[in-house]
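What follows is a set of notes on a single structure, which appears directly below.
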Protein chains: 2
Amino acid sequence: MTDIAADPPSSARPLRGTTQNILEMVRTRLADLRKSERKVADLVLADPRRILNATIAETAEIAAVSQPTVIRFCVAVGCEGFQDFRLRLAHSLALGTPATHSVLLATDPPQAVLEKIFDYTITSLDWARHHMDKEALGQAILLLENATAIEFFGFGASGIVARDAQQKFPLFGVPCGAQLDSHQQVMAASMLRPGNVAVVISNTGRTRSILDVAQTARESGAKVIGITGSDSPLVAHCDVAIIAETLDNTNIYTPTISRIAALVVIDILSTAVALRRTDEHFQRFEMMKKHLNELRFTEKE
Amino acid sequence: MTDIAADPPSSARPLRGTTQNILEMVRTRLADLRKSERKVADLVLADPRRILNATIAETAEIAAVSQPTVIRFCVAVGCEGFQDFRLRLAHSLALGTPATHSVLLATDPPQAVLEKIFDYTITSLDWARHHMDKEALGQAILLLENATAIEFFGFGASGIVARDAQQKFPLFGVPCGAQLDSHQQVMAASMLRPGNVAVVISNTGRTRSILDVAQTARESGAKVIGITGSDSPLVAHCDVAIIAETLDNTNIYTPTISRIAALVVIDILSTAVALRRTDEHFQRFEMMKKHLNELRFTEKE
DNA sequence: AGCAACTGTGTAATTATACTACATATCGAC
DNA sequence: GTCGATATGTAGTATAATTACACAGTTGCT
């Protein structure tokens, strides 16, 4: 199609979605960049905030390249131009520097630990938000809405989530249980009946006993909702699987963030179910609000 | 000073810090704006994303005002100009629309509930991050670093946090306990000894029995760290108080978000303590990492 | 090794965009 | 109703982003 050779060697670059963190993008594209463009990239990665408030001329100056090179760099990392690049950079910086850039060091002062963990948590939540399966979520809400009782299952960090979900029973509007011990879990799963819903929470989805629980619950006639990470074998045992993907699954903080993402999923499910019920049972909703407020002021279970 | 009258009636406007969410800013300043500027403000609040990708000319066109008015609007809400405004808008939109703008409606489809809850969670976390008392955090880390044992206390949603913290004991590196029942709490608090640290978690900080626990722990000679919301009476009973402020304290979701903010605080504390120990006990740190990885792959407590 | 083709980078011109100075309209008070 | 003051728009200017083009450095082929 184009027979001009020089400027755009961008024949068929598979640029990922526009929501992608631009710093991540720069980082992954680093290898494909030309020497001069790379100077710009290095500069951006080293001190993004500086570039954010700079013009093309300044950026070119600092990076010791020409102005068009700066623009070419912007295009190379998937932006429309410099303006667009700055906007995306602002977007990314708002969320914080992704964890892949800033690894915690033993020498970090508390201040740095604070920044990095907040950065990581917020970035990951943003990621989880954009990668959440809306379809599955809707189905899960439908199941929970029609449940006669709900049972939550989880171990370790996910056990925390299960218990938290159970505490939201005023929102779900039906009896809720949370089993954290594997024996109790099997027993509870066996006792489930059609109309009941089991919510199985596991980041890896690989724990043997949690898979058993999901299967048992299903055999008992209950519907099974799974909240888990990507590539999870748990999915096979669920009627609906909500994948709460985390930014970087190999990272040491994965359990930390997956836990928080799962909590947000619970918030969404409980709130959505409560809102749905409103149409039919407005009184119930009001009561729930009252309960929540009581919880706020006295904070007693 | 300036005797020109027309353009800048901005004699001495007390503009808040630059980190402030620009949408919040626009909203609070709405009353002070001139009629035409207000048209722009309404437009921005109604469809911020549209403005983000528009030029001054387009914005002026849509709002049916002149181009300088758009710039005047930008200055009026505390920006340097249109460029700066766009950058800040990008920043704010990255975090999501703050909850004050988007209240959940009974008619919201699941998709909307998802967006709003993620928005609210992320915005609030950002808020909490910028309002966190770094000083207090540093002191808390110091106390935990030198603790011989740590005991976590909390009720309801905060009880979840306490238990989560206890599960991070490999990071803290000393025996950790979590008491969720008020009788057990008093007993545990009484049994604390000098060198021990009590972490008392309560969003409102007004629950009677949790205040008693803090006091008892202190009388037993233990140091007390509080994780609580603003205006909390709990602060008086603590050696160090970490205020995890939430965006909007009167909102119905306050317990929801304060819970997550508190979890992030726990993450920061545990990680910082673990990192500190590294200098002296590198082996311990390695072991901790191994433990965490085990946790990841089998997810068993 | 030497020529050719191509990729990479910078210079200079162009265009678009944000911003400023000025003029006119609108509002409110006496 | 007129005057003063504030608010808004028009027209022009400066600046920043973008494009077209030309040169330099690399790589491949005979």
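Residue numbering restarts at 1 for every chain, and letters A, B, ... go by the order of the sequence lines. A quick note: this is a predicted structure, and the numbers were derived from the prediction, not measured.
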Sequence neighbours left out, what passes side-chain hydrogen bond (donor to acceptor under 3.5 Å, both in side chains) with [X]? Give chain and number order.
X: B:D42; result: none
X: A:S232; result: A:T228
X: B:T69; result: B:S66

Report task. Check DNA chain D against residues 61-70 of chain B and give the residues with a non-hydrogen atom under 4.0 Å, in numerical order. Result -> B:V65, B:S66, B:P68, B:T69
Query - Earlier contact from the 5' end, DNA chain C, for B:R86 and A:K35 - result: A:K35
Nearest-Å distance, [atom1] ([X]) to [atom2] ([N])?
X: A:L33; N: C:dG8; atom1: CG; atom2: C1'; value: 13 Å
X: A:I71; N: C:dG10; atom1: CD1; atom2: C1'; value: 13 Å
X: A:L87; N: D:dA17; atom1: CG; atom2: P; value: 13 Å
X: B:R34; N: D:dG9; atom1: CZ; atom2: C1'; value: 13 Å
X: A:E80; N: D:dT18; atom1: CD; atom2: P; value: 10 Å

Report task. Please figure out whether B:K39 or A:D84 has its closest DNA chain D nucleotide nearer the 5' end. Result -> B:K39
Query raised in the report: Who are the side-chain contact (heavy atoms from CB on, under 4.5 Å) partners of B:S270, not counting sequence neighbours?
Result: B:K168, B:L171, B:F172
Query raised in the report: For D:dA16, does OP1 or OP2 lie under 4.0 Å from any side-chain N or O of A:T55?
Result: no
Report task. Looking at every strand, decide which applies to B:I56 at a 4.0 Å heavy-atom threshold: base, sugar-phosphate, or nothing. Result -> sugar-phosphate
Query raised in the report: Among C:dG10, D:dT8, C:dC19, which nucleotide sits nearest the side chain of B:F82?
Result: C:dC19
Report task. Among D:dG9, C:dG10, D:dT18, find the nucleotide with the atom closest to the side chain of B:R72. Result -> D:dG9
Query raised in the report: Do B:T121 and A:I260 touch side chain to side chain, with heavy atoms closer than 4.5 Å?
Result: no
Requested in this report: Find out whether A:D267 and B:I257 are in side-chain contact, i.e. whether some heavy atom of one side chain is under 4.5 Å from a heavy atom of the other.
Outcome: no
Query - salt bridge (charged side-chain N to carboxylate O under 4.0 Å, His left out) pairs, two or more places apart, involving residues 127-138 of chain A - result: A:R129-B:E115, A:R129-B:D119
